[in-house]
Amino acid sequence: MEYTSAALTDDIFNKLKDLVYEISGIYFSEQKKYLLETRLSKRLSVLNLPNFEDYYNYLKYSPDKNIETKELLNSVTTNETSFFRDMPQLEVFADILKQVAKAAEGVAYKKIRIWSAACSTGEEPYTIGIMIKENFPSSGIKFEITGSDISGQVLDSAKKGIYGSYTLRNASSEVLKKYFDKLDDDSYQIKDNIKNMVSFHNVNLMDTKEIKKLNEFDIVLCRNVIIYFDVESKKKAIANIYESLKTGGYLFLGHSESLHSITSLFKLVGLGKTPLYRKE
Ligand SMILES: C[S@@+](CC[C@H](N)C(=O)[O-])C[C@H]1O[C@@H](n2cnc3c(N)ncnc32)[C@H](O)[C@@H]1O
């Protein structure tokens, strides 16, 4: 497909970046103008629009504006992820999971609820599912994993559960054998026993009302997402997550992210180098 050669003017860049920010909390600074331009030029070609101003007007006024807004979100999000991403952090996650499970010993019908907030194409929640199967082979506890993302496109892919070898580069051959069906040389499908542990939802971390429907989590992983937000959006997303956690529940952020100057509601609990927070 040939992409447009139309340039994104400063005026339209400001309008588009404000619109993206309003909807998603994702902030494109002036330095990221080229990124927005590259990502949206494909939409101009698909819609056969001559320039970005027409695209902006289409997003605002077309009868198909709601459909296009979804496409806009698919285009502007960065969805990079992989299985077993940041293993040192996942080891801390496994320790915390064991602690939560121990606290549940003797409780009848115990459930442990885990939320992979902004799960992209599903590698994170499926990794959690595999870790649960490995660490709790015969537990009476019911583990529920929720995966969510603002992009419908990545969730469609997550629900299919088909992956290439690159995203599986950190998975051992034992894990591949045990939890995936090999479809061909470079594609593997997650087995149903892991797939069935995860439910996927299209949720915007800015949407307080929607997030209220997701609640009572013991652990939330919100990794490598708030780096795309400005301080105000970070505050909003974290406040929403706070409400979704049980008291005493844990929050994992990406290793380069922190709650510094975002909120003091969580307690930073020192477990190695990984940022780990507890709702007090
Ligand atoms: C880089 S991926 C991180 C995936 C995974 N958590 C990980 O660490 O591997 C960031 C994801 O955040 C999602 N995202 C961005 N803004 C969001 C928002 N406002 N609400 C929900 N998800 C959002 C994107 O669609 C993208 O899939």
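Values reported hereafter were calculated over all heavy atoms of this structure, with side chains retained and with hydrogens, waters and symmetry mates removed. Indexing begins at 1, ligand by ligand and atom by atom, following the structure's order.
When heavy-atom distances to ligand 1 are checked against a 4.0 Å cut-off, T81 comes that close through both its backbone and its side chain. Under 4.0 angstrom from ligand 1, the non-hydrogen atoms of T78 all belong to its backbone.
Scanning all protein heavy atoms for the shortest distance to atom 20 (N) of ligand 1 gives L205 N, 2.8 Å. Closest to atom 17 (C) of ligand 1, if we only count protein heavy atoms, is I150 CG2, 3.6 Å.
A donor-acceptor pair under 3.5 Å links the side-chain atoms of S244 to the main chain of N240, judged by distance alone.
Where the criterion is an N or O separation shorter than 3.5 Å, residue side chain and backbone included, R85 meets it with respect to ligand 1. Looking at ligand 1, you'll find an N or O of N79 within less than 3.5 Å of one of its N or O atoms. The shortest N or O to N or O distance between A118 and ligand 1 is under 3.5 Å.
Side chain to side chain, E123 and T121 meet the donor-acceptor criterion of an N or O pair below 3.5 Å. If you check the side chains of T69 and N66, you find no donor sitting under 3.5 Å from an acceptor.
Listed by chain and residue number, D218 satisfy the salt bridge (charged side-chain N to carboxylate O under 4.0 Å, His left out) test with K246 (two or more places apart in sequence, or in another chain). Here E134 pairs with K178 under the salt bridge (charged side-chain N to carboxylate O under 4.0 Å, His left out) rule; sequence neighbours left out.
Set against the non-hydrogen atoms of I26, the atoms of ligand 1 under 4.0 Å away are 15 (C), 16 (N). When each atom of ligand 1 is checked for a heavy atom of S120 under 4.0 Å away, the hits are 4 (C), 27 (O). Atoms of ligand 1 found under 4.0 Å from any heavy atom of E124 (numbered from 1 in listed order, with element): 5 (C), 6 (N), 7 (C), 8 (O).
The shell of residues lying under 4.0 angstrom from ligand 1, judged by heavy atoms, includes S24. Ligand 1 has at least one atom lying under 4.0 Å from a heavy atom of V203.
Ion pairing between a basic and an acidic side chain is recognised when a charged N comes within 4.0 Å of a carboxylate O; R223 and E124 show such pairing. Remark: E216 does not engage R113 in a salt bridge, criterion side-chain N to carboxylate O under 4.0 Å.
For atom 8 (O) of ligand 1, the nearest non-hydrogen atom from the set T167, V20, N224 comes from N224. Ranked by closest heavy atom to atom 11 (C) of ligand 1, the top entry among T77, V154, D149, N240 is D149.
Under the 6.0 Å cut-off for aromatic ring centres, F180 and F83 qualify, their centroids lying closer than that.
Tracing side-chain contacts under 4.5 Å through hydrophobic residues (I, L, V, M, F, W, Y), one never reaches I150 starting from Y21; they form parts of separate clusters.
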